[in-house]
Amino acid sequence: MEDLGRLEDLPQSYRDALSALNLVPLWPSLRSVLPPKVPARKTQATHWPYASVRPLLMQAGELTPMEKAERRVLVLANPGHGLEKMQASAAMYLGMQLLLPGEWAPSHRHTPNAVRMVVEGEGAWTTVDGEKCPMERGDLILTPTGLWHEHGHDGDEAVVWLDVLDLPLVYYMEASYVLPGERQATQPGRGDRAYARGGLLPTPVFERSSKAYPMLRYPWANAREALQSLAADRPDLEAVQITYANPETGEDAENILGFCALMLRPGQTLSLPARSVAQVFHVIEGGVSLAVEQHAFELQVADTACTPGYTAVVLRNASADEAAFVFMADEAPLHRKLGVYELR
Ligand code: GTQ
């Protein structure tokens with residue numbers, strides 16, 4: 001690599017003259033913003049074991065009432081970005097949210113897109129754009145950009161879910177803000193029922209337009225069945241994976257982050273190729289070992305991990321007789337739209 005001039009090579013008087021005019025010479029910094037062949041990544045492979053997170057989240061339930069929190073969340077922050085940045089990767093934010101029986105997280109809407117993956121507990125619901133979505137373990141619930149959403153709880157045990165937002169990206173764009181709202185009136189219509197069968201679409205005859213986000217809740221029972229059917233139909237298939245899609249357009253469920261579920265057959269080892277995107281792995285069922293760079297994480301049920309982009313990942317289900325199920329989030333829709341998506 002050629003030897004570029006350093007800042008110290010320039011006379012101080014020249015450097016001062018540049019600074020006074022808000023000017024910066026590129027060449028001393030060129031290689032840090034355009035490193036050869038592989039980007040610099042702050043995102044570090046990180047594992048958040050649920051067994052360690054859970055007691056601290058329950059403690060937050062005792063320490064901080066909902067009125068003082070709006071959303072009671074412990075953020076899964078990547079140390080490579082600095083914990084105070086509250087980022088899992090360049091574009092992804094992860095949080096574990098706790099709602100106790102009888103609590104209500106008030107209605108608001110914001111520019112970042114969010115999804116929730118339900119981790120434990122029964123009886124909670126999220127109302128999105130007037131649609132009341134029950135929250136059961138493994139369900140994926142969308143709260144896309146600009147849609148009103150609030151969380152409530154009619155059950156009798158703590159409910160926890162994983163929030164995945166594109167907050168770091170939208171904040172970086174200086175486009176992140178929230179509007180507070182009123183308790184929503186619930187409207188009839190459930191996207192998870194209307195679109196419960198793949199390939200069979202509700203066909204409006206008298207309505208003018210359909211919703212931009214027609215399906216807001218993806219029940220785990222359906223996703224699990226889809227994975228098992230796919231595995232049974234295609235014994236040769238290496239990666240038994242489904243993508244959470246908008247059933248009207250076939251596009252990704254949201255605009256910026258992508259969401260998938262993966263089934264690892266008993267004893268299966270799956271090598272995922274290096275791609276440009278950072279990824280999040282969250283175990284819904286079973287146990288999975290995840291090898292990335294020099295790390296080896298043993299993921300138990302409800303554990304979450306993230307990996308940087310441009311890095312291959314090896315997943316293994318060590319169980320001889322039980323399948324493992326993993327929820328994945330990544331930055332692929334963003335990278336594809338921007339034209340920077342790569343498979344190495
Ligand atoms: O539940 O609406 O983890 O607005 C961060 C911001 C959750 C939510 C988060 C939010 C929410």
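For ligands, and for the atoms within them, numbers begin at 1 and follow the listed sequence.
- The side-chain heavy atoms of Leu270 and Val314, taken from C-beta on, include no pair separated by under 4.5 Å.
- Compare Val164, Leu167, Asp163, Leu162 by their heavy atoms: the one nearest to atom 7 (C) of ligand 1 is in Asp163.
- The single protein non-hydrogen atom nearest to atom 8 (C) of ligand 1 is Arg71 NE, 3.0 Å, given as residue, atom name and distance.
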The test is side-chain contact (heavy atoms from CB on, under 4.5 Å); show your working for Leu7 and Asp9 and say whether it passes.
CA-CA 5 Å; Leu7 200 56; Asp9 300 337; over 6 Å; no
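- Checked for salt-bridge contact, Arg275 and Asp330 meet the test: a charged N lies under 4.0 Å from a carboxylate O.
- Shortest contact from atom 6 (C) of ligand 1 to any protein heavy atom: Leu165 CD2, 4.0 Å.
- For the side chain to side chain donor-acceptor pair (under 3.5 Å) with His149, the qualifying choice from Arg109, His110, Glu131 is His110, the only one to do so.
- Side chains of Arg116 and Thr143: a donor on one and an acceptor on the other come within 3.5 Å.
- Proximity of Met328 to Gln241: side-chain heavy atoms (C-beta onward) are separated by under 4.5 Å at one or more points.
- Atoms of ligand 1 lying under 4.0 Å from at least one heavy atom of Arg116, given by number and element, are 1 (O), 2 (O), 7 (C), 8 (C).
- Distances below 4.0 Å separate heavy atoms of Val73 from the following atoms of ligand 1: 3 (O).
- Nearest protein neighbour of atom 5 (C) of ligand 1, counting heavy atoms only, is Tyr93 OH, 3.5 Å.
- In this structure, His108 has a heavy atom closer than 4.0 Å to ligand 1.
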